[in-house]
Each structure stands twice: as structure tokens, then as C-alpha cells.
Number of protein chains: 2
Amino acid sequence: MPDPDLAFAAHDHAHCAHDALTRAEAVTAAAGARMTPVRRRVLEILLEEHKALGAYDVLARLATEGFGNQPPVAYRALEFLVEQGLAHRIQRLNAFTACVHPGQDHAPAFLICRTCHTVAEAEATAARASLDAEAARAGFQVERSTIEALGLCPNCRGQA
Amino acid sequence: MPDPDLAFAAHDHAHCAHDALTRAEAVTAAAGARMTPVRRRVLEILLEEHKALGAYDVLARLATEGFGNQPPVAYRALEFLVEQGLAHRIQRLNAFTACVHPGQDHAPAFLICRTCHTVAEAEATAARASLDAEAARAGFQVERSTIEALGLCPNCRGQA
DNA sequence: CTATGTATGTAATATCATAACACGTCAAGA
DNA sequence: TCTTGACGTGTTATGATATTACATACATAG
């Protein structure tokens with residue numbers, strides 16, 4: 001996964017999204033989990049853009065498409081996707097974003113542009129290793145980590 | 001700041017808290033900001049333990065002490081403390097914790113024990129540097145970062 | 001002493017999230 | 001085949017977190 005993050009660069013997004021969806025199907029199948037219509041649709045919605053969507057945003061979309069319109073519908077699908085590693089929760093935004101490379105073991109960091117709100121998934125193996133090491137110095141065992149950055153993406157930086 | 005984190009170790013907490021409070025007064029004075037009764041009290045409350053408190057927890061305490069009992073009272077004081085670098089927001093918990101070494105420039109990471117809920121502030125300079133570097137590869141400029149770990153503290157690890 | 005900016009108090013409301021229960025579907029085993 | 005149990009979905013209701021807007025009080029510079 002050596003590519004610096006694509007989210008900010010012009011790219012064939014239809015392909016990017018389709019590819020992620022295909023891999024998602026494979027991941028769920030391998031896990032013996034069920035990729036139901038709601039779940040697939042939520043993932044598709046998240047894949048439409050490199051942004052993070054709140055549960056209620058997703059819910060509104062679902063509701064117009066004939067799915068349930070109560071919060072648990074969205075939260076359950078999102079929770080499922082996160083558990084399967086197909087989506088990530090962005091703590092800073094109370095929102096969710098599709099995983100760009102599902103199925104691969106990875107330590108993600110998220111780069112959140114404060115201007116255009118694009119969210120890029122970056123590689124955080126090194127940062128995570130530092131965190132683990134520093135935690136170990138205190139005798140703390142890290143199980144899950146949240147690494148998020150707020151700042152300016154290259155595009156918005158150019159305009160400032 | 002070479003000390004591995006104290007939060008998990010037995011220590012003279014009264015001194016630890018008093019020291020932080022003293023430094024906090026100095027910080028606000030230097031910044032030309034006002035350390036008012038509500039603000040001081042909120043900081044004292046946060047300093048009582050190495051835990052994170054929700055805004056409503058703080059608010060409940062304030063209310064019993066004759067301060068206002070509406071959410072903005074707590075949120076404003078907390079926001080002030082965070083701005084001054086005297087407290088930190090723990091995104092994962094939607095909660096706040098007092099800064100252990102106010103006044104010093106530092107890149108904090110937070111170690112959150114999932115069992116005893118102690119929150120330790122660790123040094124994250126290295127992790128932050130990795131994050132900045134990886135972000136730079138994508139042309140992203142980091143302004144603020146959130147680095148949090150969820151796991152087991154040494155004490156709770158011993159009991160498991 | 002008074003004008004100005006800042007802090008506090010309060011009401012109302014917005015936003016985010018979960019508990020609890022009912023119903024439907026599907027597949028495994030009696 | 002029938003039944004049972006696990007799982008997914010839908011819905012109601014509620015809980016938890018956070019902000020907007022406006023009124024009042026207070027400190028300090030002029």
C-alpha cells in the first residue's frame with residue numbers, strides 16, 4: 001500500500017468505489033457474514049465520495065430508497081461495516097467513511113480537510129508503532145487506536 | 001518530559017493536582033486570560049482523578065455547588081480550558097481530562113484503559129512526527145491531531 | 001463613573017446514539 | 001415436513017451529547 005493517499009488527487013472514482021465494493025463482498029463472504037441490501041447500499045453511499053457521513057445522513061438516503069427510516073437501521077449497518085473492516089468511524093466528526101482498501105490488514109490514519117471536508121485514509125503503521133512503543137513504556141497494551149489529523153488538504157492549501 | 005506516564009502508578013496525587021493547578025494559573029495569567037471561579041472549579045474537578053469526565057458530569061458537580069446548571073456553563077468552561085491547553089478533549093469518550101503538564105509545549109496521546117477507565121496522557125511526539133510525515137506525502141498539512149489508544153493499563157492487565 | 005468587552009445564566013433546540021420489542025426470513029436438525 | 005433458533009430488519013421510545021440565542025452581570029480601561 002505504498003500510494004500516498006488518492007482521496008485528494010483526481011482519480012477514476014467509479015473504479016475506485018467499484019473495486020472497494022468488490023473486495024467488500026469478498027471480505028464478508030470469507031467471514032461468513034451476510035452482505036444484505038441495506039448493508040450494501042450503505043457501503044455504496046459511503047463510497048460515493050471521500051467524505052465522512054453522519055449516521056443520520058446515511059439514514060436520510062436510505063429512507064428515500066424504501067429502507068427503514070429510524071436511526072437503528074443506519075447505525076446497525078454502519079456498525080456491521082466497521083466490524084468487518086469495510087468502513088471506519090471518524091471520531092472527530094462523529095461520522096463514517098468507507099474503507100479504501102478493505103481486506104488488507106492496515107493501520108489507518110485519517111486526514112480531514114477542515115475546508116472541503118474530504119477525508120483521506122493514510123497509512124499509519126509508523127505512527128501506530130510509535131504509539132505502541134510509548135504506551136509500552138507505561139506498561140499499557142494498546143488494542144485499538146484512533147489517529148486522526150485535522151488540517152488542509154493540498155487542494156485547499158493551494159487556494160489559501 | 002521523560003517520565004513514562006504517572007497516571008497508572010501510585011503517586012502523590014494531591015501534589016500532582018495542585019501542581020497542575022498552579023501551573024494553570026500561570027498559563028492563564030501569561031495569556032492575559034481570566035481564571036474565573038467556574039473555570040477554576042472545572043479544572044479542579046477534572047484534576048481530581050486521571051479519568052475523563054463528560055460535560056454533563058462536570059455540569060452536575062457545578063450545579064450542586066451553586067453554579068449554573070445548563071449545559072453551556074460546562075461546555076464553555078471546558079472549551080476555555082482546552083483552548084488554554086489546560087485540558088484535553090478525548091474524542092473517543094466525548095469527555096474531557098485535565099492536562100498533566102500545562103504550559104509545556106507537547107504533543108499528547110491518550111491511553112484509555114477499557115477496564116478502569118483511567119486516562120493517561122502520554123508523549124506522542126514521535127507518533128505525531130510520523131503522522132505529519134505521512135500526511136506530507138499526500139500534500140496534507142496537519143494542524144491538529146488526535147492520537148488515542150484504547151487498551152489495558154498495567155494494573156488491569158495484571159488482574160487479567 | 002460609565003462604556004465596553006467579556007463572562008455567566010437560562011431556555012429552547014439540535015444532533016448523535018441506544019434500548020427494547022415485534023416481525024419476518026432462512027437454514028439446520030428433529 | 002415441521003419446527004426451532006439465529007439473524008436481520010423495522011419501529012417506538014428514550015437517552016446522551018452539544019449548540020444557538022438571548023438576557024444579565026461583572027470587570028476594567030478610559
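Just so we're on the same page: letters track the sequence lines, and every chain starts at 1. Keep in mind it's a predicted model, so treat the numbers as computed, not measured.
B:Arg128 and B:Asp132 are joined by a salt bridge, as a carboxylate oxygen and a charged side-chain nitrogen come within less than 4.0 angstrom of each other. Salt bridge A:Glu134/A:Arg137: present, at least one basic N to carboxylate O contact under 4.0 Å. Ion pairing between A:Arg23 and A:Asp19 holds under the 4.0 Å rule for side-chain N and carboxylate O.
Looking at A:Arg76, its side chain comes within 3.5 Å of the base of D:dG10 through a donor and an acceptor atom. One donor-acceptor pair, N or O on each side, does fall under 3.5 Å between the base of D:dA18 and the side chain of B:Tyr56.
Here the P atom of nucleotide C:dA7 and the CD atom of B:Glu79 are 11 Å apart, to the nearest Å. Rounded to whole Å, atom P of C:dA20 lies 18 Å from atom CD of A:Gln70. Taking atom CZ on B:Phe67 and atom P on C:dA7, their separation rounds to 15 Å, with Å as the unit. Between the P atom of C:dC16 and the CD1 atom of A:Ile90 lies a distance of 14 Å, rounded to the nearest Å. Separating the OH atom of A:Tyr75 from the C1' atom of C:dA20 is a distance of 17 Å, rounded to the nearest angstrom. In this entry the distance linking CZ of A:Phe80 with C1' of D:dT9 reads 14 Å, nearest Å. Whole-Å rounding puts the B:Leu53 CG to D:dA18 P distance at 13 Å. Atom CG in A:Leu59 sits roughly 12 Å away from atom C1' in D:dG10 (whole-Å rounding).
Taking every side-chain heavy atom of A:Val38 into account, D:dT9 is the closest of D:dT19, C:dT8, D:dT9. Comparing D:dA18, C:dT18, C:dG9 against the side chain of A:Pro72 picks out C:dT18 as the nearest. Among D:dT19, C:dG9, D:dT11, the nucleotide with an atom closest to any side-chain atom of A:Val73 is D:dT11.
Of the possible donor and acceptor atoms, one in the side chain of B:His13 sits under 3.5 Å from a partner among the backbone N and O of B:Leu47.
Under 4.0 angstrom from either OP1 or OP2 of C:dG9 there lies no side-chain N or O belonging to B:Asn69. Between C:dT6 and B:Arg34, no contact under 4.0 Å exists linking OP1 or OP2 to a side-chain N or O.
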- Could you walk me through whether A:Glu44 and A:Arg41 pass the salt bridge (Lys or Arg N to Asp or Glu O under 4.0 Å) check? CA-CA 5 Å; A:Glu44 286 170 358; A:Arg41 191 68 195 107; 2.7 Å; yes
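Remark on DNA chain C: of its neighbouring residues B:Pro71 and A:Pro71, the 5'-side contact belongs to B:Pro71, judged by nearest-heavy-atom nucleotide. Along DNA chain D, the nucleotide closest to B:Leu93 and the one closest to A:Ala33 are compared, and the more 5′ of them pairs with A:Ala33.
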